[in-house]
Amino acid sequence: MAEWLLRVRESVAMGLPLRWWLGLVTSAALTLVFAPAAIAVVALLWLEREVLIANLLRSAERVDARGMVVGFLLVWPVLWTTVGGMTPGDDVLRHFAAWRHDYDYHRLYVALDPRFPHESMWVGYEWVIGFLHRALGLQLAILVLQWTIYSAAAYSLWRTALVLVPDREDAWTWRLVVVSVLLLTQLIFRIAMARPEALFAVWAMSAIWMRPWVWLTIGMAIQPLYWLGAIYAPAAILLRASWRMRIACVVGPVVAAALFWFSYAGWAWPQFYWLSFDWIRLRLAPVGENESILLALMIPGFTATLLLLIWRGKIEVRRDWPVLALLGWFLLPGQIRYLSTVHAWLVVLVTRTVTLPRLQAAGQLAVWLAVVVSATYGVTASGKLTSSYDRGLPHFKTLESTAQVLTAFDQATYFLPTDHPGIRSAPAMELGATLQPVQALAVTLSGTGTGVLNCEALRSYGFTHVVEKRMAAASPCLEVQEISNGWRLWRVRAP
């Protein structure tokens, strides 16, 4: 007791907010008032547990699960956007900024590798983003992008589950499992970031159920959105069509991509592929999405799917080789960024090779409870879904439109050029495409480097401002100009 009182006294000495203490006292008082009633309710539920469970199971046997599955897909994104916020932390923001600079990244970034093309490798996607921005404004445009990709994914995966799980009494519960595992474990994070590759992943997965000509038409139409869109074309081998038609559906999007990108960017398009490997080598700090795919073994949902396949899967190469081939194709880069697609093919393989047990009413209720818990955990535990436009991002009122800003490689890198039209910043969205002396400045700025920022280097590259929130020590040429949501805006003083 004495030790507890000592801790309370230390807390008071630390100056905890008054509202914290008021909340504590109020909670204690409410607990004392309502504790007897709560104990009585819990005791009554426990005494009547057998009757309640029996009634619940009888009700479950009469419920049509189809409406619940569709309702889940419609309601869950409301929870997602309510809890998670609206603004992604990275690439979609710089796509907005690139649209403002006529798709030329040299006009957007300072100290960009001269080999970086002046043509954008995401020009179609950025054109769509620009249209939405003009019509709706930034925040609503981002929300429309997220919901559009989510809706396409939910509908496509629902149709996929109808094909993968045969009709029987518990079919809709198992279909819910397929949809939720595919949607809520990995793909949802790519959708939250509103990246074009999420849309291509959905298109690839839809080959399981979509008509070949529709799949081919969509695939050819979306190629201008993303310079690597053609790599998803091999998913055509899952189409329910003749081999001649499947080959045509592989070749069609590849030809459409080649015609568009060569006419728009010329040889800069294939060169960009090789440059991307060079930029990975030139990075002075790691970037998460290019880390090894083996990191997926630390993700519970992926590991559970893999273990289930190894333990219970009965793979027949003659029957399952198309899925195995696609799995190998997307494993070739060895990068964690393709995890959502790799996981999708694993789930498809599991449903084809593992005999699903028949669920009675109690089993179906348990599955539904597990899905709801995992979905809620996915919303509340993921850092990818907690960024919002109004909270946690740097909104500066005094940053001039002519400024050249150095940031650490973090949210400010993507957000500042979007929120402050006209400024140029560094590093670029591809860290390795920034000249290494400027990369070194950004690493120091992040708090992971040593020493302080070199004032002469800042001035030599024309930086007028620095934005950060973790810098270990300030350089003598920096003076604080403004603070917003924990981010500091520093002005670089003239010599």
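When reading the values below, keep in mind they use all heavy atoms of this one structure, side chains included, and skip hydrogens, waters and symmetry mates.
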Inset, instruction - Could you tell me whether the side chain of Pro394 reaches within less than 4.5 Å of the side chain of Asn485, counting heavy atoms only? - result: no
Inset, instruction - Look at the rings of Trp261 and Tyr264 and say which category their plane angle falls in: under 30° parallel, 30 to 60° tilted, over 60° perpendicular. - result: perpendicular
Inset, instruction - May I ask you to check if Arg211 and Trp213 form a cation-pi contact, with NZ or CZ under 6.0 angstrom from the six-membered ring centre and within 45° of the axis? - result: no
Inset, instruction - Say whether, by atom type as modelled, one donor and one acceptor occur between the side chain of Gln439 and the main chain of Leu284 under 3.5 angstrom. - result: yes
Inset, instruction - Look at the side chain of Gln335 and the backbone N and O of Arg337, then say whether any donor-acceptor pair between them is shorter than 3.5 Å. - result: no
Legend entry - Aromatic contact, His395 with Phe415 (centres under 6.0 Å): yes
Donor-acceptor contacts under 3.5 Å from residues 429-436 side chains, at least two apart:
residue	atom	partner	partner atom	Å
Glu430	OE1	Arg283	NH2	2.9
Glu430	OE2	Arg283	NE	3.0
Glu430	OE2	Arg283	NH2	3.3
Glu430	OE2	Gly432	N	2.9
Thr434	OG1	Ala428	N	2.8
Gln436	NE2	Leu282	O	2.8

Legend entry - Side chain to side chain, His133 and Leu138, heavy atoms closer than 4.5 Å: yes
Inset, instruction - Determine the interplanar angle of the Phe277 and Trp274 rings, folded into 0 to 90°, and report it as parallel if under 30°, tilted if 30 to 60°, perpendicular if over 60°. - result: tilted
Legend entry - Donor-acceptor contact below 3.5 Å, side chain Glu482 vs main chain Thr398: yes
Legend entry - Arg159 (side chain) donor-acceptor with Trp209 (main chain) under 3.5 angstrom: no
Inset, instruction - For Arg175 and Trp158, indicate whether the former's side chain and the latter's backbone hold a donor-acceptor pair under 3.5 Å. - result: no
Inset, instruction - Decide whether a cation-pi geometry holds between Arg94 and Trp122; the criteria are a distance under 6.0 Å from NZ or CZ to the six-membered ring centre and an angle within 45° of the ring axis. - result: yes
Inset, instruction - Look at the rings of Phe200 and Trp203 and say which category their plane angle falls in: under 30° parallel, 30 to 60° tilted, over 60° perpendicular. - result: perpendicular
Legend entry - Shortest non-hydrogen contact between Arg246 and Ala241, atoms and distance: NE-O, 3.0 Å
Legend entry - Intermediate values then yes/no, side-chain hydrogen bond (donor to acceptor under 3.5 Å, both in side chains), His420 and Ser401: CA-CA 6 Å; His420 300 275; Ser401 61; over 6 Å; no
Legend entry - Polar side-chain atom of Arg459 near backbone of Arg493 as donor-acceptor pair, under 3.5 Å: yes
Legend entry - Ion pair check, Glu468 and Arg488, cut-off under 4.0 Å: yes
Legend entry - Glu400/Arg491 ion pair, N-O < 4.0 Å: yes
Legend entry - N/O donor-acceptor pair under 3.5 Å between Thr407 side chain and Ala412 backbone: no
Inset, instruction - Quick one: sort the Tyr226 and Tyr232 rings into parallel, tilted or perpendicular, breaks at 30° and 60°. - result: tilted
Inset, instruction - Establish, from distance only, whether the side-chain atoms of His465 and Gln404 form a donor-acceptor pair under 3.5 Å. - result: no
Legend entry - Donor + acceptor pair across side chains of Ser475, Trp490 (<3.5 Å): no
Inset, instruction - For residues Leu445 and Val467, determine if any side-chain heavy atom of one lies less than 4.5 Å from a side-chain heavy atom of the other. - result: no
Inset, instruction - Starting at CD of Glu197, measure out to CH2 of Trp227 and round the result to the nearest 0.5 Å. - result: 10.5 Å
Legend entry - NE2-CZ distance between His106 and Phe116, expressed to the nearest 0.5 angstrom: 7.0 Å
Inset, instruction - Can you see which heavy atom on Leu183 is nearest to which on Ala153, and at what distance? - result: CD1-CB, 3.9 Å
Legend entry - Approximate separation, where rounding is to 0.5 Å, of Leu108 CG and His101 NE2: 5.5 Å
Inset, instruction - Before accepting this row, confirm whether a basic side-chain N of the pair Arg115/Asp278 lies closer than 4.0 Å to the acidic partner's carboxylate O. - result: yes
Inset, instruction - Quick one: closest heavy-atom pair of Met205 and Thr160, and the distance? - result: O-OG1, 3.8 Å
